[in-house]
Amino acid sequence: MNLGFFASHDGSNMQAIIDACKSGVLQARPSVVISNNSNSGAIERAKNERIPYYHLSSKSHTSPETLDIAVLSILQLHRVDIVILAGYMKKLGQNTLSHYKNRVLNIHPALLPKFGGKGMYGQKVHEAVLEAGETKTGVSIHIVDEEYDTGPVIAQAKVSVMPGDTVTTLSKRVLEKEHMFFIETLQAILRGDIDLSVYL
Ligand code: GRF
């Protein structure tokens, strides 16, 4: 299973998956990294890991259509089977989404459908969870469609909100869970315990 990553910032989820591939915990191959941010940690990590990487954005491609075509041809060039959005702040184009219809996965740091959608990203998610007085939050992995955070959820893991939690303590606990849970979910896909073909 060849994995293609999209990441805009640090890329710690991507790194956790790369490490799992390297140690043999996950029978998959990180094939390519695409980032819209040339200064991202994700690009730095790709360089360190000697994984082919590309900076593609509205700066490199002024029209969304040509960007979409470039993205799809890079994924195909690197024979990507599963696309992983790991902190990617942009939407994918229609050509890419149609070609990889049930094979684009996103990770979200809350229990969708709660605390998702446009504007719900990064620390804002954890702020909202704390403001709502939730005692449980978690991690959702879902199939990506045309909107933000609305595609079918394929796996969820709960994380407790502790009394006295701040955005910093809560986001750290959730991120640690994300790292493990993304790997576990990919393992379940490889074993066939999660069947992506039902989402075609
Ligand atoms: C994670 O919290 C993920 O759920 C969200 O963006 C963050 C990315 O973190 N979509 P990182 O770049 O993997 O460290």
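Predicted model, so just to flag it, every value in this text is computed and none were measured. Each ligand, and each atom within it, is numbered from 1 in the order the structure gives.
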For Pro109, the ligand 1 atoms whose distance to one of its heavy atoms is below 4.0 Å
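Heavy-atom distances to Pro109 below 4.0 Å select 2 (O), 4 (O).
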
Hey, which atoms in ligand 1 end up nearer than 4.0 Å to a heavy atom of Ser12?
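So the answer, numbered in order with elements, is 11 (P), 12 (O), 13 (O), 14 (O).
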
Please write down residue, atom name and distance for the protein heavy atom closest to [atom].
{"atom": "atom 9 (O) of ligand 1", "result": "Asn13 ND2, 3.8 Å"}
{"atom": "atom 10 (N) of ligand 1", "result": "Ile107 O, 2.9 Å"}
{"atom": "atom 2 (O) of ligand 1", "result": "Glu178 OE2, 2.8 Å"}
{"atom": "atom 8 (C) of ligand 1", "result": "Gly87 CA, 3.6 Å"}

Under 3.5 Å, N or O to N or O, is His9 touching ligand 1 that way?
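There is no such contact.
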
Separation of His126 NE2 from Leu130 CG (nearest 0.5 Å)
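Rounded to the nearest 0.5 Å, the CG-NE2 separation comes out at 9.0 Å.
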
Treating Thr169 as the side-chain partner and Asp165 as the backbone partner, does any N or O pair qualify as donor plus acceptor under 3.5 Å?
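Side chain of Thr169 to backbone of Asp165: no pair is present.
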
For Asp81, is there any backbone N or O sitting under 3.5 Å from a side-chain donor or acceptor partner on Arg103?
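A pair under 3.5 Å: yes.
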
All N/O donor-acceptor pairs, side-chain side in residues 175-184, below 3.5 Å, sequence neighbours left out:
residue: Glu176; atom: OE2; partner: Lys172; partner atom: NZ; Å: 3.3
residue: Glu178; atom: OE1; partner: Asn13; partner atom: ND2; Å: 3.1
residue: His179; atom: NE2; partner: Ser12; partner atom: OG; Å: 2.8

Ligand 1 contact by Gly11, heavy-atom criterion under 4.0 angstrom
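Gly11 counts as a contact of ligand 1 under the 4.0 Å cut-off.
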
Going by atom types only, do Ser8 and Lys90 share a side-chain donor-acceptor pair under 3.5 Å?
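Absent: no donor and acceptor within the cut-off.
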
Run the ring-centre check on Tyr148 versus His108 and record whether the distance is less than 6.0 Å.
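No, they do not, as the ring centres are separated by 6.0 Å or more.
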
